[in-house]
Amino acid sequence: MNHWLVKSEPFVYSWDDFEKAGRSVWDGVRNYQARNNLKAMQKGDWVFFYHSNEGLAVVGIAQVDREAYPDPTTDDARWVVVELVPVQKLKRPVSLQEIKSDNRLQEIALIRQSRLSVMPIKREEFDLILSFSNDENT
DNA sequence: GCCAACGTTGGC
DNA sequence: GCCAACGTTGGC
């Protein structure tokens, strides 16, 4: 069981859009590192849904429902998609600022490699961010 | 709107 | 294979 984080610009595709649709084909990834991460996803893996550009926060949890297959939006065989289903919206968004300000989260790719759109995340980091969202006070 | 950090492209 | 130029992403 692995954990991941995917970014989406809420202008283009927000958590609410995702929840309404009930499923998402995660297409359009055109970066090898992100692609490799998609390929490594297994059905049932947990995925944080992050709003980039606007919002700048982890907003929900999704789950991998279908593992990587060729991206139907291109003829280029290099690229793949996965299918995600929404699991639940976080009680409150956990902001990038909050993540940045916690010593235990300094190593995560969200901070270290800000341009990567699909990244692995350690279980402890996943749990910690989740615990932030359950803490009403911060 | 600006800029840092990358990734890609193309000339040599 | 190197590197300059350029494009893109995303935070501020």
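Below, chains carry the letters A, B, ... as their sequence lines are ordered, and counting in each starts from 1. Given the structure is predicted, the values throughout are model-derived calculations rather than measurements.
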Under the side-chain contact (heavy atoms from CB on, under 4.5 Å) rule, what do A:R35 and A:V118 come out as? Steps first, then yes or no, please. CA-CA 8 Å; A:R35 191 274 316 262; A:V118 180; over 6 Å; no
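- Ring planes of A:F18 and A:W26: perpendicular class, angle over 60° (limits at 30 and 60°).
- Under the 30°/60° scheme for interplanar angles, the aromatic rings of A:F126 and A:H3 are found to be tilted.
- Taken to the nearest 0.5 Å, the CG atom of A:L110 stands 11.5 Å off from the OG atom of A:S117.
- Every stem involving DNA chain B, taken as at least 3 paired positions in a row under the Watson-Crick or G-U wobble test at 3.5 Å, is listed here: B:1-12 with C:1-12.
- Residue pairs meeting the salt bridge (Lys or Arg N to Asp or Glu O under 4.0 Å) criterion with at least one partner in residues 41-51 of chain A, sequence neighbours excluded, are A:K43-A:D65.
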A:I61/A:F49 under side-chain contact (heavy atoms from CB on, under 4.5 Å): CA gap, chis, key distance, verdict: CA-CA 6 Å; A:I61 304 173; A:F49 191 105; over 6 Å; no
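- Residues in residues 2-21 of chain A take part in these salt bridge (Lys or Arg N to Asp or Glu O under 4.0 Å) pairs, two or more places apart or across chains: A:D16-A:K89.
- Judged as a salt bridge (Lys or Arg N to Asp or Glu O under 4.0 Å), the pairs with a partner in residues 74-86 of chain A (not counting sequence neighbours) are, in order, A:R23-A:E83, A:R66-A:E83, A:D76-A:R78.
- Taken residue by residue, residues 26-41 of chain A places heavy atoms nearer than 4.0 Å to DNA chain B at A:N31, A:Y32, A:Q33.
- Hydrophobic cluster membership is shared by A:L96 and A:M119, with clusters built from Ile, Leu, Val, Met, Phe, Trp and Tyr side chains linked at under 4.5 angstrom.
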Anything under 3.5 Å between a protein N or O and an N or O of nucleotides 9-12 of chain C, put it in a table, one pair a line.
unit_1: C:dT9; atom_1: O2; unit_2: A:R115; atom_2: NE; d: 3.4
unit_1: C:dG11; atom_1: OP1; unit_2: A:Y50; atom_2: OH; d: 3.0
unit_1: C:dG11; atom_1: OP2; unit_2: A:N53; atom_2: N; d: 3.0
unit_1: C:dC12; atom_1: OP1; unit_2: A:K100; atom_2: NZ; d: 2.4

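- Of the possible donor and acceptor atoms, none in the side chain of A:R104 sits under 3.5 Å from a partner among the backbone N and O of A:L128.
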